[in-house]
Colleague: 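Have a look at this one before I ask anything.
Being a predicted model, the structure only gives us computed values, none of them experimental. Side chains included, hydrogens not; waters and symmetry mates left out as well; all remaining heavy atoms used.
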Amino acid sequence: MDKFGNRYEGAWTIRHALYVLLGAGTSITLEPGGPLGDGAEFVYRHDGGTEVHQVKRQNRNANSWNVASLRDKGIWGHLRSTSSPWFPPVPSTS
């Protein structure tokens, strides 16, 4: 990841750490282990629930992400494994 990407990831993580310090969040866990942490930069917990964050600023030379590129990076699989059982399955193209 380039320098800007590293700064963006760091800033996003610090933003959520500050939420915890300010009392808006209850905890932040960086690169958590186990199934919840697969593909996650951090897990942020607050009174409204649990959020799993994966910071991907850049997709190679592309300036955007699409369904296929997210699938190719395994993002949908990680999302499926950390979401509620009511989250609909993502159709497979294989």
Side-chain angles (χ1 to χ4, degrees):
M1 186 182 281
D2 64 359
K3 289 181 183 179
F4 180 77
N6 288 335
R7 285 192 300 254
Y8 179 83
E9 180 180 321
W12 190 252
T13 304
I14 289 169
R15 174 186 180 134
H16 287 80
L18 289 172
Y19 289 156
V20 173
L21 292 174
L22 293 170
T26 54
S27 71
I28 185 168
T29 305
L30 305 178
E31 298 184 1
L36 190 61
D38 285 345
E41 302 295 339
F42 62 88
V43 173
Y44 170 68
R45 289 185 171 86
H46 52 86
D47 290 339
T50 300
E51 300 176 7
V52 179
H53 289 252
Q54 171 55 272
V55 182
K56 293 274 189 231
R57 184 191 72 84
Q58 188 172 341
N59 182 16
R60 294 188 193 113
N61 294 327
N63 289 324
S64 62
W65 290 85
N66 59 35
V67 172
S69 61
L70 291 169
R71 183 194 62 237
D72 294 344
K73 293 285 186 182
I75 303 299
W76 295 121
H78 293 304
L79 176 65
R80 199 174 313 127
S81 70
T82 59
S83 297
S84 77
W86 299 283
F87 189 80
V90 177
S92 174
T93 60
S94 1

Colleague: Using 30° and 60° as the class boundaries, would you call the ring planes of H53 and Y44 parallel, tilted or perpendicular?
Modeller: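 Perpendicular, since the angle between the ring planes exceeds 60°.
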Colleague: Please identify each residue that fulfils side-chain contact (heavy atoms from CB on, under 4.5 Å) with A11, with sequence neighbours left out.
Modeller: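 Applying side-chain contact (heavy atoms from CB on, under 4.5 Å) to A11 gives none.
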Colleague: Atom CG in L21, atom NE2 in H16: separation rounded to 0.5 Å?
Modeller: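 L21 atom CG to H16 atom NE2 measures 13.0 Å (nearest 0.5 Å).
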Colleague: So, using side-chain contact (heavy atoms from CB on, under 4.5 Å) as the criterion, who are the partners of T26 when residues are at least two apart?
Modeller: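 So T26 forms a side-chain contact (heavy atoms from CB on, under 4.5 Å) with R45, D47.
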Colleague: Using the test side-chain contact (heavy atoms from CB on, under 4.5 Å), find all partners of L30 that sit at least two apart in sequence or belong to another chain.
Modeller: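 side-chain contact (heavy atoms from CB on, under 4.5 Å) check on L30 returns T13, I28, F42.
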Colleague: Which atoms form the tightest heavy-atom contact between V43 and P32, and what is the distance?
Modeller: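 So the minimum-distance heavy-atom pair works out to CG2-CG, 3.4 Å.
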